[in-house]
Amino acid sequence: MKLLNYTGVLDFISKESIESLEAEATEALHKLLNKTGEGSEFTGWVDYPYNVDNDEMKRVIQVSERLREQSEVLLVIGVGGSYLGAQAALSILDVNPLKKKDKEVIFVGNTFSSDYTYNVYEYLKDKDFSINIISKSGTTTEPAVAFRIFKNLLKEKYGSKYNERIVATTTLNKGALYELAVTEGYEIFSIPEDIGGRYSVLTTVGLLPLAFRNIDIRAIIFGARAAYDNYTKSAYLENDALLYAAIRNLAYRAGKTVEILGLFEPRLHYLGEWYKQLFGESEGKDRKGLYPSFHTYTTDLHSLGQYVQDGERLFLETFIHVEKPANDMMIPREVDDFDGINYLTKFSLNEINKRAKMGTIKAHVSGEVPVLDITLPEMTPYYFGYLVYFMMLSCGVSGYLLGVNPFNQDGVEAYKNNMFAMLGRPGYEKYL
């Protein structure tokens, strides 16, 4: 399946330059596949679509069915990769977010906002709910705080049986959360130790919340397998994942400092949030890396579009468009054509959106912004799995091309150390 069209960069990056990166990109891919590059202890995600434990998949489905029977709401507690992938999938695969759901997934533990946490707390007082706490250690501050608060609400509502409504997704056989789960009798799922949070969406970290919403998680894995088969075996010039990584790096070497993910569908919003973490934590180190951001088009063309068109020339853009929407509409024709848009009535909204994308590519390229164009056939569980694997593999290759370890994130600790010192946590006085 062909995803990537890179003709929009050829005014800035020559085909010869792209071809010249074949050896580097292929070597980076082999580092991932052979687990010989920096951070290789966290590359279990590379072949995970084929190494997924089928018994655990069955248990995910069984547990999700039990949770669905007893709860209206699944409260997912986690931060970063512990929730962003699942939230992206839920928003992408929900074809009508305005329609009331019989089962809800709500995310907490990703912010210290008192207003947000209080509002969720008040909402759940009148709901039957269960908790999926996701943390490798159980001591990450944001989810740990939220878990204390909402575990106590479970105790108030359900008494001694509260533990039957908690599922812990954590590292097996070690860590505070695992020990608590064993002591209090929670259902436990494993976070593979060789997969970092931002690469974990295809594991039980992402799959359990999706199964609760009755999404076909097997189709997600099948899509990821298809992407693995394609991008680990195709030659460089036919390999969209390698080409995307290579072109990103060539743009960076040519002086571009920001990548904008341009999303032509609002329900892709949380894909943008996941992408920011994936590339930001993987490449933003050693004073290197494209700054990852995202715009929702055409909405943001009426605000940030001016800057992209005529501001500083910082940008590489990568557009994502879905060829076949879940629903489409035609515009009614008016006899008096008071608003002057009768000429549009021969097009569906999706066709107009597609032409808007094409027009934006032409405008931005003329404004000296190189544009990559990714088109998905449709947004189903299968293609979600395919896209996620494409992005993760591209990110790993891109990090190695950049010359960094794509699988650590030491910089994340800086704010925590200062915060802990200000809150009086013992042992952190030196950060005051």
Side-chain angles (χ1 to χ4, degrees), residues 38-39 41-42 75-87 106-121 131-155 166-184 186 188 190-201 205 273-274 276-289 291-292 399 404-432:
E38 275 195 282
E41 66 272 24
F42 295 110
L75 187 69
V76 176
I77 301 177
V79 68
S82 295
Y83 87 100
L84 279 170
Q87 189 159 31
I106 296 176
F107 297 92
V108 295
N110 49 59
T111 175
F112 290 122
S113 167
S114 56
D115 281 341
Y116 177 75
T117 306
Y118 175 84
N119 290 340
V120 173
Y121 187 91
I131 289 175
N132 179 203
I133 168 69
I134 305 172
S135 175
K136 279 194 169 185
S137 64
T139 58
T140 304
T141 314
E142 290 93 336
V145 167
F147 186 49
R148 277 205 185 187
I149 292 169
F150 290 100
K151 184 178 74 169
N152 279 318
L153 181 57
L154 277 185
K155 287 181 177 180
I166 299 178
V167 177
T169 306
T170 189
T171 306
L172 295 184
N173 301 316
K174 66 180 181 181
L177 179 56
Y178 178 79
E179 292 176 6
L180 181 68
V182 171
T183 300
E184 299 200 351
Y186 308 157
I188 301 172
S190 67
I191 299 177
E193 291 193 67
D194 58 355
I195 300 178
R198 59 189 178 275
Y199 293 88
S200 67
V201 61
V205 170
E273 297 288 356
W274 174 75
K276 286 194 307 186
Q277 189 203 12
L278 179 67
F279 280 92
E281 281 193 351
S282 295
E283 294 194 316
K285 52 201 71 167
D286 301 338
R287 301 298 188 264
K288 296 179 180 179
Y291 180 84
V404 300
N405 177 352
F407 308 112
N408 63 0
Q409 58 276 341
D410 296 342
V412 173
E413 301 304 314
Y415 91 89
K416 295 180 184 179
N417 294 334
N418 293 328
M419 176 185 71
F420 293 151
M422 293 174 186
L423 291 170
R425 182 173 178 175
Y428 286 80
E429 295 83 1
K430 65 181 179 179
Y431 294 101
L432 286 172

Could you measure the distance from the CG atom of Leu153 to the CG atom of Leu75? Nearest 0.5 Å is fine.
9.0 Å

Would you indicate whether the side-chain heavy atoms of Tyr199 and Pro406 approach each other to under 4.5 Å?
yes

Return the set of residues passing side-chain contact (heavy atoms from CB on, under 4.5 Å) with Glu41 (not counting sequence neighbours), or none when no residue passes.
none

Whether the side chain of Thr170 engages the backbone of Lys136 through a donor-acceptor N/O pair (distance < 3.5 Å, no angle test) should be reported.
yes

Closest non-hydrogen atoms of Thr139 and Ala176, given as atom of the first, atom of the second and distance, are CG2-CB, 3.9 Å

Go through it in stages, so that I can follow the logic: the residues are Ile134 and Ile191, the test is side chain to side chain contact (heavy atoms under 4.5 Å, CB included), and I'd like the CA-CA distance, side-chain angles, deciding distance and then a yes or no.
CA-CA 9 Å; Ile134 305 172; Ile191 299 177; 4.1 Å; yes

Which distance, rounded to the nearest 0.5 Å, do you find between the CD1 of Ile133 and the CD1 of Ile77?
5.0 Å

Does the pair Thr141 and Phe112 meet the rule for a side chain to side chain contact (heavy atoms under 4.5 Å, CB included), with working shown?
CA-CA 9 Å; Thr141 314; Phe112 290 122; 3.8 Å; yes

Among all residues two or more places apart in sequence or in another chain, which pass the side chain to side chain donor-acceptor pair (under 3.5 Å) test with Gln277?
Glu281

Could I get the full list of ring pair (Phe, Tyr, Trp, His ring centres under 6.0 Å) partners for Phe42, not counting sequence neighbours?
none

Any idea how Tyr186 and Phe147 line up, ring-wise: parallel (<30°), tilted (30 to 60°), or perpendicular (>60°)?
perpendicular

How far apart are the closest heavy atoms of Val108 and Ala146, and which atoms are they?
CG2-CB, 4.2 Å

Heavy atoms of Ile195 and Ser200 approach each other most closely as CG2-CA, 3.8 Å

With sequence neighbours left out, write down each residue that passes side-chain contact (heavy atoms from CB on, under 4.5 Å) with Asp286, or none if nothing qualifies.
Lys288, Val404

Can you name the closest pair of heavy atoms from Phe407 and Glu38 and give their distance?
CD1-O, 3.6 Å

Given 3.5 Å as the limit, does a donor-acceptor pair link the side chain of Asn132 with the main chain of Val76, or not?
no

Could you work out, with side-chain contact (heavy atoms from CB on, under 4.5 Å) as the rule, every residue matching Val79, not counting sequence neighbours?
Asn110, Thr140, Pro143

Scanning both residues in full, the closest heavy-atom pair of Leu177 with Gly138 reads CB-CA, 3.6 Å

Just wondering, are more than 12 heavy atoms of other shown residues or ligands nearer than 6.0 Å to OH in Tyr291?
no

Kindly give the heavy-atom pair with the smallest separation between Tyr121 and Phe150, and that separation in Å.
CA-CE2, 3.6 Å

dist Leu154:CG -> Ile131:CD1 (nearest 0.5 Å) comes out at 4.0 Å

Quick note, salt bridge (Lys or Arg N to Asp or Glu O under 4.0 Å) partners involving residues 169-180, not counting sequence neighbours, are Lys174-Glu193

Ignoring hydrogens and angles, tell me if any N or O in the side chain of Ser282 forms a donor-acceptor pair with the backbone of Phe279 under 3.5 Å.
no

We want to know whether Tyr428 and Asn417 form a side-chain donor-acceptor pair, criterion being a heavy-atom distance below 3.5 angstrom.
no

